[in-house]
Amino acid sequence: KVNPYEIAYNEDLLVKLFEFKEDYSLYDRLLEKGIRIKTVIPCDITPVYNFIKDNFSRGWADEALPAMMNGTCYIAVKGKEVVAFGCAEATAKAYIGPCGTAVEARGMGLYRALSQRCYRHLIEQGYRYAIVGMAAPTVLQIHKDLGDAMVIKNCRGAYNNLLVRERYHY
């Protein structure tokens with residue numbers, strides 16, 4: 001399992017949504033592989049929650065729950081199996097994340113597709129900037145490509161005052 005709260009990425013990203021150019025062909029390429037992006041609806045909550053908990057952490061599943069309930073959690077589905085997820089406004093207003101892809105599904109552009117969908121939600125809500133909390137170095141370039149993201153140094157934004165920090169060893 002991966003627990004982002006313990007990895008201690010200290011940098012949030014500020015994304016210029018007005019620089020975002022959506023790559024619609026990415027969705028088509030995923031559909032050719034049998035993967036579709038969909039919004040989590042109430043009857044999806046338990047399997048999505050369990051996917052996040054089982055592949056990442058209970059903390060991330062808990063953090064994603066508000067987005068699942070308000071329609072701002074998006075999933076990549078192959079058949080009826082969840083293979084990735086991404087949330088907008090789960091942690092705080094204008095935030096993107098948590099987002100994650102199952103190990104066996106990495107390298108197909110799912111994180112990029114779900115990030116695009118989250119950006120689209122924020123743009124539709126009138127935001128000009130987005131915050132990606134505790135961004136892993138592996139996703140920094142994706143956000144730079146999508147929305148000319150910049151690092152906010154030594155900033156953990158909404159994550160400074162967590163009540164619980166789970167510890168996992170891998």
Does Tyr129 belong to the same Ile/Leu/Val/Met/Phe/Trp/Tyr cluster as Tyr95, with side-chain heavy atoms less than 4.5 Å apart forming each link?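 Hydrophobic grouping puts Tyr129 with Tyr95.
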Tell me whether Ile131 shares a hydrophobic cluster with Phe18, the cluster being built from Ile, Leu, Val, Met, Phe, Trp, Tyr side chains joined at under 4.5 Å.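 Hydrophobic grouping puts Ile131 with Phe18.
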Any idea which heavy atoms bring [X] and [Y] closest together, and the distance?
X: Ala84; Y: Phe51; value: N-CZ, 3.8 Å
X: Pro98; Y: Ala90; value: CD-CB, 4.3 Å
X: Ala102; Y: Phe56; value: N-CZ, 4.4 Å
X: Ala149; Y: Val15; value: CB-CG2, 3.9 Å
X: Gly86; Y: Cys99; value: CA-SG, 3.5 Å
X: Thr91; Y: Gly97; value: OG1-O, 3.7 Å

Would you say the side chain of [Y] lies within less than 4.5 Å of the side chain of [X], judging by non-hydrogen atoms?
X: Ile52; Y: Met68; answer: yes
X: Tyr49; Y: Trp60; answer: no
X: Arg128; Y: Leu17; answer: no
X: Asp23; Y: Arg29; answer: yes
X: Val132; Y: Asp12; answer: no

Identify, with sequence neighbours excluded, every residue that meets side chain to side chain donor-acceptor pair (under 3.5 Å) alongside Lys38.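 For Lys38, the residues satisfying side chain to side chain donor-acceptor pair (under 3.5 Å) (neighbours in sequence not counted) are Asp44.
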Distance (rounded to the nearest 0.5 Å) between [X] [atom1] and [Y] [atom2]:
X: Lys21; Y: Glu19; atom1: NZ; atom2: CD; answer: 6.0 Å
X: Lys53; Y: Leu65; atom1: NZ; atom2: CG; answer: 13.0 Å
X: Glu63; Y: Ser57; atom1: CD; atom2: OG; answer: 8.5 Å
X: Ile96; Y: Gln116; atom1: CD1; atom2: CD; answer: 11.0 Å

Going by ring pair (Phe, Tyr, Trp, His ring centres under 6.0 Å), name the residues that satisfy it together with Tyr127, two or more places apart in sequence or in a different chain.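 Tyr127 satisfies ring pair (Phe, Tyr, Trp, His ring centres under 6.0 Å) with no residue once adjacent residues are dropped.
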Under the 4.5 Å side-chain heavy-atom rule for ILVMFWY, direct or indirect, which residues accompany Ile35?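 Answer for Ile35: Tyr24, Leu26, Tyr27, Leu30, Ile37, Tyr74, Val83, Met108, Leu110, Leu114.
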How is the hydrophobic cluster of Leu31 composed, in terms of its other members, when Ile, Leu, Val, Met, Phe, Trp and Tyr link through side-chain heavy atoms under 4.5 Å apart, directly or indirectly?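 For Leu31, no cluster forms, as it stays isolated from other hydrophobic side chains.
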Residue among Glu124, Glu22, His143 satisfying side chain to side chain donor-acceptor pair (under 3.5 Å) with Tyr119: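 The residue from Glu124, Glu22, His143 that satisfies side chain to side chain donor-acceptor pair (under 3.5 Å) with Tyr119 turns out to be His143.
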Mark yes when over 12 heavy atoms from residues, nucleotides or ligands other than Met69 sit less than 6.0 Å from its CE; otherwise mark no.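 No, not enclosed.
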Side chain to side chain contact (heavy atoms under 4.5 Å, CB included) with Ile142: which residues, sequence neighbours excluded?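 Ile142 satisfies side chain to side chain contact (heavy atoms under 4.5 Å, CB included) with Tyr111, Arg112, Leu146 only.
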Assess, by modelled atom type and distance only, whether the side chains of Glu89 and Thr72 contain a donor and an acceptor separated by less than 3.5 Å.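 The answer is no; no qualifying pair exists.
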Is the shortest side-chain N to carboxylate O distance from Asp28 to Lys33 below 4.0 Å?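 Not counted as a salt bridge, because no side-chain N and carboxylate O are separated by less than 4.0 Å.
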Salt bridge (Lys or Arg N to Asp or Glu O under 4.0 Å) with Lys16: which residues, sequence neighbours excluded?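 Result, salt bridge (Lys or Arg N to Asp or Glu O under 4.0 Å) vs Lys16: Asp148.
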Report the C-alpha distance between Leu140 and Val151 in whole Å, list the side-chain angles of each, state the deciding distance to 0.1 Å, and finish with yes or no for side chain to side chain contact (heavy atoms under 4.5 Å, CB included). CA-CA 9 Å; Leu140 176 60; Val151 173; 4.0 Å; yes
